[in-house]
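Structure, as structure tokens:
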4 protein chains.
Amino acid sequence: MSVSPSFRPAAPAAGRPRQRRVTDALLSAALAEFARHGLDGARIETIARTARTSKQAIYRRWPDKTTLFSAALDHAFAGSRPDPAQRLSAAADLDRFVRGRIEVLTATSLGPAFVQALASRPQVKAVLDGVEEDWRLTLRQMLVGTAFEAGMETRIDLVLGYVHRCLVAERRPSDVEIETAVHLVLGLMPPRRPPGCR
Amino acid sequence: MSVSPSFRPAAPAAGRPRQRRVTDALLSAALAEFARHGLDGARIETIARTARTSKQAIYRRWPDKTTLFSAALDHAFAGSRPDPAQRLSAAADLDRFVRGRIEVLTATSLGPAFVQALASRPQVKAVLDGVEEDWRLTLRQMLVGTAFEAGMETRIDLVLGYVHRCLVAERRPSDVEIETAVHLVLGLMPPRRPPGCR
Amino acid sequence: MSVSPSFRPAAPAAGRPRQRRVTDALLSAALAEFARHGLDGARIETIARTARTSKQAIYRRWPDKTTLFSAALDHAFAGSRPDPAQRLSAAADLDRFVRGRIEVLTATSLGPAFVQALASRPQVKAVLDGVEEDWRLTLRQMLVGTAFEAGMETRIDLVLGYVHRCLVAERRPSDVEIETAVHLVLGLMPPRRPPGCR
Amino acid sequence: MSVSPSFRPAAPAAGRPRQRRVTDALLSAALAEFARHGLDGARIETIARTARTSKQAIYRRWPDKTTLFSAALDHAFAGSRPDPAQRLSAAADLDRFVRGRIEVLTATSLGPAFVQALASRPQVKAVLDGVEEDWRLTLRQMLVGTAFEAGMETRIDLVLGYVHRCLVAERRPSDVEIETAVHLVLGLMPPRRPPGCR
DNA sequence: TACTAAGCGAGACGGTACGTCGAGTCTTTGG
DNA sequence: CCAAAGACTCGACGTACCGTCTCGCTTAGTA
């Protein structure tokens, strides 16, 4: 699933090894550039200069821009894989999932770029399908075997759609909003709120 | 809101007027090309040739590719507003809304381009924000004054998110799926199904 | 030989006649523009605007830029056709010829454009060959039947070459220089000058 | 004087060096294209393709078409200086000079381009002014200290003018014609010819 | 007097070339 | 074998100018 930066087959370590410093700088620079300009608007040369290195250092690691984009996302998500289902309560699990996904993508401003890439030509989309499938899997684990198994895929689509909307709008919804969305998806009653509150 | 191809304010018609034939052909060609390849993948030259005209005819009307993209989307959405609320039943209204939106956008293959544009730089996004607001308004009219007025905005976000997902995936959901999604958003029980059916 | 601005065959006079004012303004503007930028550097649009008229007024009179160029030269030469041979003295005739040709072309700064056109693709060159042939003819009339008939064509080439050089250099030679050149071409002794003079 | 393709002053060779192969191929291709179509008629793309390279390779070396034209002429004239004066006989020297200049320029078909350049805007003209000055110098060395020193500059103008005419006309004059021209310029009797010969 | 054919100014039209930019690859010197 | 620099090919961009066309108007000369 993850796009590792190396493609050397099994050579134990011939010649000078790659510097992790360079790789890290590239991923950070790429992240910033993609967040600012989107997949197509980002310029490889700019990423290289920002990382104080050269284009070739990029192409030695990733075959093309699309793959770099994917790797940068991977990097951003590293350590922030969706927490696995706790299986305590579907509502709590979903709530944490939604909150977490929105958190990491708005923090890095990658939301729009992420959605844009999902809507791109298949070749680009394919790179992110892995991520999506990952999310779907996690959500399935949260719902399977519960009372909410019925219409599971549609529930999942609703959750993912809701996340996408927040990413596109670059808007972090309030706790109550997330809670409401989750309750609706699960077919529970939405939480009470004082009258007059929307 | 709309990106009209002409910017001459009140000139009393000096010189040869622009041919509507050419403008229309260009918008159609642009729509097709953008739908097929996205904003950045589309080629201006191809659009011009498809419309059996020249690049200059394009640049005489719109200053750059981005603006042309906006205008093309504008053109596509003209005359395809969502049906207004029937106020018979919220569920029926929502069902028709979702079905209709997905219908028109998958028919023209504009789904991905639409979402991509929403996630683009503000200049492009602005064109579609009007469309979105339109949709939102319609949805509000469907829900306001009903039992589902509580959490209305979140319900709307769920509906729109669901539509977006279908557009991105270029997948037309089944009738049952739409029905399920609508019932969930409204907090009704999902329809009964024989056991074993997912 | 001359390139008249009209190509209407024998129609006596139907419709609105062309305005001489416009034709003249165009020729003047063309002359200035060609002098400043050469045949290829000149811009039709600029000529039209300078003459306070439109491109179409040009193309109604002359089929293309090359022909306009030729017409402009014709116009510049009008009234300054090389004086025919006086048959008094070959030396005097030649002197007047050289002086006259240089005069008219440096006065209008057309020298470089003229030579440049002569050195252009055949299609352009053809337009000026008429002028050249005209000159050649005049020169022949000056020499034929005199003692200088021997090697006449070479003498003519020498004279024309000398004129070209002065045009290219945009330099108007002194009276003495012209006199010297003519005497040499005729095989006469150059004029005596006080020692020390170059 | 010369328009070298590189402008890097003393950089100690960073990055991949420009390939002489490409530079040479470009200059040759440019020369051929300019010779065939003149400065404005030549197409950059054609030059690049002929040299089996790309437009970028051209623009990396020379900022625009005009400069490339200059560089190409420069290249063509490198190593083709006129033979120095032999000081045996002014007539013989001049004869060899005229013959040689016409030879080299008609061989490469550069005659018209050469004259066209001389008549161009100063920026282009400057490249060839050096060449011209060279020729002038050689001619002066042939005449100075001889009986033909009187009116030397005018004699030189006649010679150069004669050469230009031949170049423009792309006509290689016969031996007799050249001999005649030289004799006239020197004020000697033209060679005897059988009656009936022009 | 009205009609009619053409000139006129403005500007759109299709086409060709320009000079620029970015992607991804290749080739140097130096570690 | 990596690193940095920069040349390399390719293909698209947006601009400029040519010569043509189509508007709404004006201006003779004829009916």
Side-chain angles (χ1 to χ4, degrees), chain A residues 8 11 13-19 22 40-46 48-49 52-66, chain B residues 8 11-19 21-23 40-46 48-49 51-61 63-65, chain C residues 8 11-19 22-23 40-46 48-49 52-65, chain D residues 8 11-19 22-23 40-46 48-49 52-65:
Chain A
R8 285 168 299 168
R16 175 176 178 177
R18 287 186 189 145
Q19 293 173 225
V22 173
D40 287 283
R43 289 176 359 210
I44 293 285
E45 179 70 30
T46 300
R49 309 310 306 184
R52 316 193 135 271
T53 178
S54 60
K55 279 199 301 177
Q56 198 51 25
I58 293 178
Y59 286 106
R60 212 173 282 119
R61 289 167 170 79
W62 304 279
D64 54 29
K65 200 203 242 194
T66 303
Chain B
R8 286 168 300 165
R16 176 177 179 176
R18 289 188 187 145
Q19 291 172 233
R21 214 214 92 238
V22 172
T23 302
D40 289 279
R43 297 196 324 242
I44 291 284
E45 180 70 31
T46 300
R49 308 313 304 184
R52 319 193 130 269
T53 179
S54 60
K55 276 199 299 176
Q56 260 326 89
I58 293 178
Y59 286 108
R60 209 172 286 119
R61 288 168 170 78
D64 52 29
K65 202 203 248 195
Chain C
R8 285 168 299 168
R16 175 178 178 178
R18 289 186 189 143
Q19 293 172 229
V22 173
T23 303
D40 287 283
R43 296 192 334 231
I44 293 285
E45 180 69 31
T46 300
R49 310 310 306 185
R52 317 194 131 270
T53 179
S54 61
K55 277 198 305 176
Q56 198 52 22
I58 294 178
Y59 287 107
R60 209 172 285 120
R61 288 167 170 79
W62 303 280
D64 53 29
K65 200 202 246 194
Chain D
R8 285 167 301 163
R16 176 178 178 175
R18 289 189 186 143
Q19 291 172 232
V22 173
T23 303
D40 289 279
R43 299 202 319 246
I44 292 284
E45 180 69 31
T46 300
R49 308 315 303 184
R52 319 194 130 269
T53 178
S54 59
K55 276 201 299 178
Q56 265 315 90
I58 293 179
Y59 287 107
R60 206 172 289 116
R61 289 169 168 80
W62 304 280
D64 53 29
K65 202 203 246 196

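Letters A, B, ... are given to chains in the order of the sequence lines, protein chains preceding strands, and every chain is numbered from 1.
Taking atom CD1 of residue Ile58(B) and atom C1' of nucleotide dC13(E), one finds them 13 Å apart after rounding to whole Å. Remark: C1' of dA12(F) and CD1 of Ile44(B) are 10 Å apart, rounded to the nearest angstrom. dA12(F) atom P lies 14 Å from atom CG of Asp40(A), rounded to whole Å. If you measure from atom CZ of Arg16(B) to atom C1' of dC23(F), you get 8 Å, rounded to the nearest angstrom. One atom, CD of Glu45(A), and another, C1' of dA23(E), lie 11 Å apart when rounded to the nearest Å. Rounded to whole angstrom, the span from the CZ atom of Arg18(D) across to the P atom of dC8(F) amounts to 7 Å. Arg60(D) places its CZ atom 8 Å from the C1' atom of dG6(F), with the value rounded to the nearest Å.
Taking 4.0 angstrom as the limit, Arg61(C) places a side-chain polar atom (N or O) nearer than this to OP1 or OP2 of dC8(E).
Evaluation of atom-type donor-acceptor distances gives no pair under 3.5 Å for the side chain of Arg43(C) against the base of dC17(F). Judged by distance alone, with hydrogens and angles left aside, Lys55(C) brings a side-chain donor or acceptor within reach of the base of dG19(F), the pair sitting under 3.5 Å.
In this model, no donor atom of one side chain and acceptor atom of the other lie less than 3.5 Å apart for Arg18(D) and Thr23(D).
Nearest heavy-atom pair across Lys65(D) and Ile44(D) is CG-CD1, 3.8 Å. For the residue pair Ala48(B) and Lys55(B), the shortest heavy atom distance occurs at CB-N, 3.7 Å. Closest heavy-atom contact between Ala57(D) and Val22(D): CB-CG1, 4.2 Å. Residues Tyr59(D) and Asp64(D) share a closest heavy-atom pair of CE2-CA, 4.2 Å.
Nucleotides of DNA chain E nearest to Tyr59(D) and Arg49(C) differ in position, and the one nearer the 5' end is that of Arg49(C). Between Ala57(D) and Gln19(B), it is Ala57(D) whose nearest contact on DNA chain F lies nearer the 5' terminus. With DNA chain F read from its 5' end, the first of the two nearest nucleotides for Ser54(A) and Thr53(D) is the one closest to Ser54(A). Between Arg52(C) and Ala42(D), the one whose closest nucleotide on DNA chain E sits nearer the 5' end is Arg52(C).
Ranking dA23(E), dG19(F), dG19(E) by closeness to the Lys65(A) side chain, first place goes to dA23(E).
Within the 4.0 angstrom heavy-atom criterion, base atoms lie near Gln56(A).
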